[in-house]
Amino acid sequence: MNPGIRVRFAPSPTGYLHIGGARTALFNWLFARHHGGTFILRVEDTDKSRNTEEAAAAIYDGLRWLGLDWDEGPHRGGDFGPYFQSERDEIYERHLQKLKDAGRTFEDNGAVRFRSPREHVVVEDIVCGSIDFDLTNPETHPDMTIRRPDGSWIFHFVNVIDDIEMKISHVIRGEDHLSNTPKHIELYRALAAEPPQFAHIPLILNKDGSKMSKRDVGASLNTYMDGGFLPEAVDNYLALLGWSPKDDREKLALDEIVRLFELDKVNRKNASFDLEKCIWLNGEYARDLRGDRFHKLAEEALARPGIDTSKFPQTYVRAALDTCVAKFRIFSELPAYCGFYFRDDFSYNPEAVAKQFTPENMPRLQAIRDAFAALEAFDASALEATLKATAAQLGIKAGPLVHPTRLAVTGSSTGPSLYHLLEILGKEKVIMRIDRALATIS
RNA sequence: GGCGCAUUCGUCUAGUGGUUAGGACACGGCCCUCUCAAGGCCGGUGCACGGGUUCGAUCCCCGUAUGCGCUGCCA
């Protein structure tokens, strides 16, 4: 559709995918997909001391999880490779030679520096507008180093060379690079290359407005991958940080975002990451989940704290999980919500105990226990009818029966529908657990 | 320090030279209800400050403050 549009995500392999990097990748991907262009993944592994293999894998995993497929790059190939900077030495040498021949470099203690033309450089940025940088003063804008004495390359140089060689049409990156852009433009000009279009997107900050750094909670995509989030929710939330459909919609499917995404709708203000809102949005998606995908994600979430559902019959597991549909926001809430289905050794919530296991309620719990024990058909509707009949007999509302029963059987004051949960648990376990609660209290 | 960018409810955002400044998250109250969640209704909080320009500025200009970024032989 538009083969001239070529964008890239160029992370350095640090061992994890930063949430800000994930959004940069997302914006590049959205732009490419919207225009029918090409999304390229390039690994900026100029620092050879890092474990590139493993560290790069974290980036692939993160991008795949988010559903951001790349058209050129590692595992994918392409006509502009290699896609690792560590394998592009010859290319950099060639361009350095051009610069040397043109007299644009000089040596400084063994390092190679680029001699700035000392002019004003205007950056035309799609997001930030037109910005004039005064680079005439060498005191404030020293000539940049492009190669170290040991032969390794400096980011600014190889980044520009790669963008030229890979025919990148639009550089979409974090605003932290805005001040570096005029230097990059000097390099493009020195190499007689047309600079790409630039779009600097705002940064993601912590909730308190400080810069989100490596150590901050939530800075790594793994927090969300392992924390029970849905990729479509994280994509959606990330897209809303700095971009907006300009109407009141918040929940937008990825293909809808692709359809609407425009760089000139990106705002210039740094955004704080609001975990609560991300969790809320996740709940919006989680609520719609059913069937196989739901069961799979739920079982994975239960497995994390050590609840092994494989020891139970499939039908039991599914029926149990189905009572949890639409009842939680992130999957990590699930073990606490429905763990009682899979373990007998749960403890009773102390606050709920104080409120429900009262001297007044214990005879009532005994009464409902006996009524349940006498039941033939142990299904939700029979259980409900029995409970209500028992309440009527005792001259009380359903509440004083419901709450102590729930606590006795699940250990919690919250959970799935009581009658359904009792049915799934089965008569034997229900009676056993109520008896145990009765014994524990008295 | 120098340079750059930013500034609308606590947070994410919409918006306009004249609006009751809109939505969402979060928060509080009520309703519904077997709990929770969801849903429904109601509620409060915002245009950083000071000068201009203008009949009129949240919106345009200048300054101040604050925040963030860059200023590396990090990326």
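Lettering of chains follows the sequences in order, A, B, ..., and the numbering in each one begins at 1. The analysis underlying the following values was restricted to heavy atoms, covering all of them including side chains, and did not include hydrogens, waters or symmetry mates. Every value quoted in this text rests on a predicted model; they were computed, and no experiment measured them.
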Protein proximity profile, nucleotides 27-39 of chain B - base contact B, sugar-phosphate-only contact S, no contact -, cut-off 4.0 Å on heavy atoms: -------BBBSS-
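His177(A) comes within contact range of at least one nucleobase, with a heavy-atom separation under 4.0 Å. In this structure, Asn109(A) reaches the bases: a heavy-atom distance under 4.0 Å links it to at least one base atom across the strands shown. Residue contacts shown for His156(A) include a base, since a base heavy atom lies under 4.0 Å away.
Whole-Å rounding puts the Leu203(A) CG to C5(B) C1' distance at 10 Å. The CG-P distance, from Asp132(A) to G2(B), rounds to 18 Å in whole Å. In this structure, CZ of Arg147(A) is placed 18 Å from C1' of A75(B), rounded to the nearest angstrom.
Side-chain to base pairing of Thr145(A) with G72(B): no donor and acceptor N or O lie closer than 3.5 Å to each other.
Dashed line: the shortest gap from a side-chain N or O of Lys269(A) to OP1 or OP2 of U8(B) is under 4.0 Å. When the side-chain nitrogen and oxygen atoms of Asn270(A) are compared with OP1 and OP2 of G69(B), none of them lie within a distance under 4.0 Å.
Between G43(B) and U35(B), the distance separating the two C1' atoms is 26 Å to the nearest Å. The gap from the C1' atom of C60(B) to that of G67(B) amounts to 24 Å, rounded to the nearest Å. Comparing the same atom, C1', in C36(B) and in C70(B) gives a spacing of 49 Å after rounding to whole Å. Annotation: G15(B) and C59(B) have their C1' atoms spaced 9 Å apart (nearest Å). With both ends at atom P, the span from A26(B) to A21(B) equals 26 Å, rounded to whole Å. Separating the C1' atom of C25(B) from that of U58(B) is a span of 23 Å, rounded to the nearest Å. Atom P of U64(B) sits at a distance of 23 Å from the matching atom of C47(B), rounded to the whole Å. Spacing of P atoms, A37(B) relative to A14(B), comes out at 31 Å, to the nearest Å.
Using a 30° and 60° split on the angle between ring planes, Phe331(A) and Phe328(A) fall in the perpendicular class, above 60°. Note: Phe357(A) and Tyr348(A) have perpendicular aromatic rings, judged against thresholds of 30 and 60 degrees for the angle between ring planes.
For Ser179(A), counting side-chain heavy atoms from C-beta on, the closest listed nucleotide (G72(B), A14(B), C70(B)) is C70(B). Between C3(B), G2(B), G69(B), one nucleotide has an atom nearer to the side chain of Asp176(A) than all others, and that is G69(B). The side chain of Asn180(A) sits closest to U71(B) out of U13(B), U71(B), G4(B). If you check A75(B), C12(B), C5(B) against the side chain of Phe155(A), the one that comes closest is A75(B).
For Tyr188(A) and Phe114(A), the ring centers are positioned 6.0 Å apart or more.
The pair Asp143(A)-Arg113(A) fails the salt-bridge criterion, with no side-chain N (NZ, NE, NH1 or NH2) lying under 4.0 Å from an Asp/Glu carboxylate O.
Closest-nucleotide positions on RNA chain B for Lys183(A) and Gln85(A) were compared, and the one nearer the 5' end corresponds to Lys183(A). Taking the nucleotide of RNA chain B with the nearest heavy atom to each of Ala111(A) and Phe273(A), the more 5' of the two is matched to Phe273(A).
With Tyr285(A) as the aromatic partner, Lys251(A) meets the cation-pi criteria of under 6.0 angstrom to the ring centre and within 45 degrees of the ring axis. Seen from the ring of Phe106(A), Arg147(A) does not count as a face-on cation partner, given the 6.0 Å and 45° thresholds.
Within residues 241-250 of chain A, the residues approached by RNA chain B to less than 4.0 Å at the level of any non-hydrogen atom are Leu241(A), Gly242(A), Ser244(A), Lys246(A), Asp248(A), Glu250(A), in residue-number order.
A donor and an acceptor atom, one from each side chain of Asn349(A) and Ser412(A), are nowhere located under 3.5 Å apart.
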